[in-house]
Amino acid sequence: MYEKGLKRFCRNTVLIIFAVIIALLTYSSMFINTYISVEEKATYVIDNPFKMIIYFLIVLVIMFLIRRFFKLSKKINSKKLFIILSAITFLILTIIIFTHNITPQADQLEILNCAAALKRGDISPFLPNGYVGKCTNQAGIVMILYYLSFIFGDNNYQVYQFLNIFGLILSYYCICKISIISFDNDEIEKWTVLFLFLFLPLTWYVTFVYGNIYGHAFSMLAVLSGYRFFEEMKVKDFIISFVSIALAMMFKSNYLIVFIAMVLFVLIDIIMNKHFQSIILLILLLPAYFASSMIPTMLVQNKTGVQLGKGTPMISYIEMGLQDTEGSPGWFNSYNWDVYTNNGNDSEKASEQVKGDLKETVLYYLKNPKQFISFMYRKTISQWCNPDFQGTWILRNSDFYIHSDRYYEFFNIFESIVFLGTLAYIYYTGRHMPLHRLLLPMIFIGGFIFHMFWEAKCQYTVTYFVLLIPYCVKGLMDMTDEIADGILHMKKGQGFFKTIKNFWSMDTTKYLVGLMISTCVINLFVR
């Protein structure tokens, strides 16, 4: 009884937090969206929520017709569909990369230059006042680019962009396979494949030489391998999971969030389900964290003779993430770099100043809760309600820069549909969600909470957004299945009122009516 109650409590706790976050993002995306300028300034634009509901209904009807009458999902093989869409994406992106000079900017350029400098024997970027000396969390990606430069040459960014295509396809493959394991439904994989490849904002990140794509790919491979280990208990799966999550954190330290979610997931599995064999995976996961930071540090010291210090205090990213900079709430404003430089590149002194600044910021928000709520809301929608997720921002200094109202409007609708579909899933079957479906929601929750306080960037939130796509698909499928069942069981001559009563008893009707009523109520307060 204790185990049963405890398991239900843990599951419901995760589900409630997930539901609250998704509800917040769903209504926010319907009422407002954000556009990020080249200078990373946010512009908030009022949206029409009823228009989004109409588009959601259109997608629902189209999906219903395709599934019921055309039955394309049964005619199309998921493997062939994935290969065809991957091949098309691969071809188009390859042409774009090698025919348009999408040059790396800012931090991308810095890490490429650091790798090239190391190859020349220049150790200045690794000293306390150098780029890696300041941003020690970038040591992993710099060393990876350093070793790759022996194969592809120095600063050969187009090759790295080309390699990112494989990382993108790998991440999509993993998400699709995770969706099958989570829902035990082959059709979900087909719709997930389609939605993923339609989502172009993440696609443009192949031109972003910053570790995001491969960090995402390896983190998803780690999750997929972990799932497979739970099912088959094969040694190769937990080895792949261990290596993958370590590589993910080397490429991008932000994937520590995925690592923490995996550890919590394994702990819950051990305690709740008494799967003591999962201790093996837990034992291997913990060293992965240390390996992801120790290996790059050791490689740097071996090549340069420089022992990397702590660099810019990580806590400075939290202070910066809580600063209400004009037009960019919680976004980069160089505070983290300035506080480190102004303290003579001394991490300890910089950390002391940051703690004092953070204390003042927290005290200010405690005394002014309305300002804090306003700040948090603006910061949240600037990261999560930007339809493009800074995808075209990456292309800003190239001749391939996309700045089309139709493009933004399409993904504005796409974003709202994903949130609405995910909310529908939670309403339909989410409350019965078993343990093995909780990992991606746990990762999403971790990413959402982390970026409430950390430096704001759409380039980080976009990889969490795509995790919702399988749940959106499941929600849409649940709704179309119920509509089909309702029509199938509708009896001839049962009368108008009986028909209305039957339709009202459907969860689909209740969800849509509840959605309309709540939207009308919110609209009264925000207009």
Side-chain angles (χ1 to χ4, degrees), residues 14-34 44-60 63 191-192 195 198-199 201 373 376-389 408-431 433 437 440-449 451-452 458 461-480 507-527:
V14 173
L15 181 59
I16 289 169
I17 296 171
F18 186 53
V20 169
I21 293 172
I22 295 300
L24 172 65
L25 295 179
T26 299
Y27 287 103
S28 296
S29 71
M30 290 167 61
F31 279 89
I32 195 167
N33 50 65
T34 313
Y44 305 100
V45 180
I46 300 299
D47 213 339
N48 186 339
F50 301 104
K51 179 183 69 175
M52 294 303 162
I53 294 175
I54 291 171
Y55 277 115
F56 179 70
L57 288 172
I58 291 171
V59 171
L60 189 65
M63 192 170 180
W191 287 101
T192 300
F195 274 59
L198 276 175
F199 186 59
I373 293 170
M376 274 299 175
Y377 178 70
R378 287 181 285 111
K379 181 180 180 180
T380 298
I381 61 175
S382 70
Q383 297 184 91
W384 294 96
C385 297
N386 169 228
D388 182 50
F389 285 91
Y408 277 97
E409 180 61 13
F410 177 82
F411 287 106
N412 181 31
I413 295 166
F414 187 98
E415 180 187 43
S416 292
I417 288 170
V418 170
F419 284 136
L420 283 164
T422 305
L423 191 64
Y425 165 74
I426 295 171
Y427 176 77
Y428 270 80
T429 55
R431 57 185 179 274
M433 190 187 299
R437 294 182 191 170
L440 292 189
M442 286 172 66
I443 293 171
F444 184 87
I445 291 168
F448 181 85
I449 294 174
H451 285 287
M452 283 179 67
C458 293
T461 57
V462 66
T463 54
Y464 298 106
F465 176 78
V466 294
L467 302 185
L468 299 178
I469 287 178
Y471 297 93
C472 164
V473 168
K474 183 62 166 63
L476 290 169
M477 286 178 63
D478 285 341
M479 296 178 81
T480 55
D507 282 333
T508 299
T509 307
K510 292 175 182 176
Y511 175 72
L512 293 174
V513 171
L515 184 65
M516 284 296 297
I517 292 173
S518 57
T519 301
C520 289
V521 172
I522 295 172
N523 192 58
L524 290 174
F525 287 97
V526 300
R527 296 304 185 203

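The shown structure was predicted, so the numbers you read here are calculated from the model rather than taken from an experiment. We number each residue from 1, following the sequence as shown.
- Counting heavy atoms from C-beta outward, Met52 and Asn412 have side chains that approach closer than 4.5 Å.
- With a 4.5 Å cut-off on side-chain heavy atoms, Asn523 and Phe31 count as touching.
- Contact of the Thr380 side chain with the Leu25 side chain is registered, since non-hydrogen atoms from C-beta on lie closer than 4.5 Å.
- Of the inter-residue distances, the one linking Lys510 atom NZ with Ile517 atom CD1 reads 12.5 Å to the nearest 0.5 angstrom.
- Residues Leu476 and Trp191 fail the side-chain proximity criterion, which asks for heavy atoms closer than 4.5 Å.
- A heavy-atom distance below 4.5 Å is found between the side chains of Leu515 and Leu420.
- Nearest approach of Asn386 to Ser382, heavy atoms of both residues: CB-O, 3.9 Å.
- Classified by interplanar angle (parallel below 30°, tilted 30° to 60°, perpendicular above 60°), the ring pair Trp384/Phe448 is tilted.
- Of the possible donor and acceptor atoms, one in the side chain of Thr34 sits under 3.5 Å from a partner among the backbone N and O of Ile381.
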Carefully, step by step, assess Ser416 and Tyr55 under the rule side-chain contact (heavy atoms from CB on, under 4.5 Å). CA-CA 9 Å; Ser416 292; Tyr55 277 115; over 6 Å; no

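- Nearest approach of Pro470 to Thr192, heavy atoms of both residues: CA-OG1, 3.8 Å.
- Residues Met516 and Phe50 approach most closely at CE-CD2, 4.0 Å, considering heavy atoms.
- Ring centers of Phe199 and Phe414: under 6.0 Å apart, within the cut-off.
- Nearest heavy atoms, Met376 versus Met452: CE-O, 3.3 Å.
- Checked against the 6.0 Å centroid threshold, Tyr511 and Tyr425 do not count as a close aromatic pair.
- Remark: Tyr27 pairs with Ser518 by the side chain to side chain donor-acceptor pair (under 3.5 Å) rule, at least two apart or across chains.
- Within the model, atoms CD1 of Ile17 and CD1 of Ile445 stand 5.5 Å from one another, a figure rounded to the nearest 0.5 Å.
- Distance CD1/Ile417 to CG/Leu57: 10.0 Å, rounded to 0.5 Å.
- Side-chain atoms of Thr461 come within 3.5 Å of backbone N or O of Gln383 as a donor-acceptor pair.
- The CE atom of Met30 sits 4.0 Å away from atom CD1 of Ile53, with the distance rounded to the nearest 0.5 Å.
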Check step by step if side-chain contact (heavy atoms from CB on, under 4.5 Å) holds for Tyr377 and Ser28. CA-CA 9 Å; Tyr377 178 70; Ser28 296; 3.8 Å; yes

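- Of the inter-residue distances, the one linking Cys385 atom SG with Asp47 atom CG reads 9.5 Å to the nearest 0.5 angstrom.
- Judged purely by atom type and a 3.5 angstrom limit, Tyr44 uses its side chain to pair as donor or acceptor with the backbone of Arg378.
- Taken from CG in Leu468 to CD1 in Ile22, the straight-line distance is 4.5 Å, to the nearest 0.5 Å.
- For the pair Met63 and Met477, the minimum side-chain heavy-atom distance is below 4.5 Å.
- Using modelled atom types, one side-chain atom of Tyr428 and one backbone atom of Thr508 make a donor-acceptor pair closer than 3.5 Å.
- With a 4.5 Å cut-off on side-chain heavy atoms, Phe411 and Asp388 do not count as touching.
- In the displayed structure, Tyr408 atom OH is contacted under 6.0 Å by more than 12 heavy atoms of other residues, nucleotides or ligands.
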